[in-house]
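Please read the structure below before turning to the comments.
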Amino acid sequence: MSNARETALLTLYKIQYEGAYSNLALKNQLASADISSKDSGLASALVYGVVQRKNTLLYIISQFSSLKLKRLSGYITLILELGIYQILYMDRIPESAAVNESVKLARRYGHVRSAGFVNALLRNVIRNRDNIRLPDENIKRISLKYSFPEWTAKKWIDEFGEDFACRLMEALNETPKMSLRVNTLKTTREKLLEGLPGARQSEYLDCAVICPGFDIEKSREYKQGLITVQDEAAMLASVVLDPAEGDTVIDMCAAPGGKSTHMAQMMNNKGKIFSFDIHEHKISLIEGNAKRLGIDIISAKKSDALVLNEEYIGI
């Protein structure tokens with residue numbers, strides 16, 4: 001049994017059927033799984049890949065399955081999604097491994113007939129992978145090709161034209177680089193680069209480094225609050241705002257606190273930042289990140305951005 005694939009399956013089940021957030025579900029599942037860093041990387045790639053391509057994967061299952069999707073159990077549907085994703089989108093995974101490991105999962109989370117069904121369907125996908133037909137209707141075809149909702153595909157095609165919309169969706173499906181924000185309250189970019197083999201300076205931001213294959217959960221630098229994970233585009237929002245020492249900032253929809261903590265760094269931890277989120281359970285995420293990074297000017301509270309809070313008018 002591949003622990004990476006089983007970890008991915010259990011994570012996807014929590015996301016799909018228990019309403020869990022993908023990043024938190026994956027983090028919790030990896031923490032409880034006794035697997036190597038390599039397998040952690042594979043599990044992560046599978047989870048985010050299946051979530052990203054779900055619409056397309058479900059469509060392919062419906063094309064090859066003799067049973068309606070609603071008649072398949074949740075686990076078997078997810079096992080098929082995992083198997084097809086490996087076959088069609090992961091060049092380094094042998095097709096035989098994708099099928100065999102999926103069949104093992106089907107035996108464990110289904111029954112003998114389920115395993116036979118999964119085996120037959122995946123092998124049929126392999127035989128006919130070059131003949132998979134998407135709908136003739138243009139919007140449906142494009143939405144399934146790139147696994148975006150039809151309304152998104154239509155809106156972008158109407159606004160930007162088909163060529164640009166397709167290139168945009170293709171770019172958004174690319175695997176993102178692991179970008180880390182340097183906590184300038186505790187260290188410098190130069191010192192951090194010395195301690196992270198393979199890391200390089202961001203092309204766009206002085207506070208960011210790119211570190212492929214970085215295992216954040218086992219990182220000493222992360223635990224010590226020298227870095228935090230944040231996308232470069234998200235960092236740019238704080239750079240554009242450009243808060244200074246002593247400023248007062250209100251950050252709505254702030255969890256898990258990436259922009260709030262970034263602004264606190266830019267303010268040299270001097271001033272006030274009110275970080276609000278509508279979900280009570282997310283407040284602790286903001287507080288935890290601020291504490292790890294050594295920031296104490298952030299006040300995190302539950303608040304609805306659609307409701308005027310007169311307490312903060314004129315602060």
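Everything numeric here is computed off the predicted structure, so don't read it as measured data.
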Carboxylate-amine/guanidinium contact Asp277 Lys302, below 4.0 Å: no
Exercise: identify the closest heavy-atom pair between Gln265 and Val182: NE2-O, 3.0 Å
Any salt bridge between Glu95 and Arg129, counting N to O under 4.0 Å? yes
I'd like to know if the side chain of Asp231 and the backbone of Ala233 have a donor-acceptor N/O pair within less than 3.5 Å. yes
Lys291 bridged to Glu287 by N-O distance under 4.0 Å: no
Would you check if the side chain of Asn124 reaches a backbone N or O of Ala120 as a donor-acceptor pair within less than 3.5 Å? no
Full working for ring-ring contact (aromatic ring centres under 6.0 Å, His included) between Trp156 and Phe148: CA-CA 11 Å; Trp156 287 352; Phe148 276 77; 5.7 Å; yes
Could you walk me through whether Lys155 and Glu159 pass salt bridge (charged side-chain N to carboxylate O under 4.0 Å, His left out), step by step? CA-CA 6 Å; Lys155 181 177 177 62; Glu159 292 187 1; 2.8 Å; yes
Salt-bridge contact Glu6-Arg108 (side-chain N to carboxylate O under 4.0 Å): yes
Give a yes or no on whether the backbone of Glu81 and the side-chain of Arg53 come within a donor-acceptor separation of less than 3.5 Å. no
Donor-acceptor pair, distance only, cut-off 3.5 Å: does the side chain of Ser179 make one with the backbone of Gln230? yes
Group every Ile, Leu, Val, Met, Phe, Trp and Tyr by side-chain heavy-atom contacts under 4.5 Å, then state whether Met266 and Ile227 land in the same group. no
Using a 4.5 Å cut-off on heavy atoms from C-beta on, say whether the side chain of Thr228 contacts that of Leu180. no
Any salt bridge linking Glu170 with Arg167? Criterion: basic side-chain nitrogen under 4.0 Å from a carboxylate oxygen. no
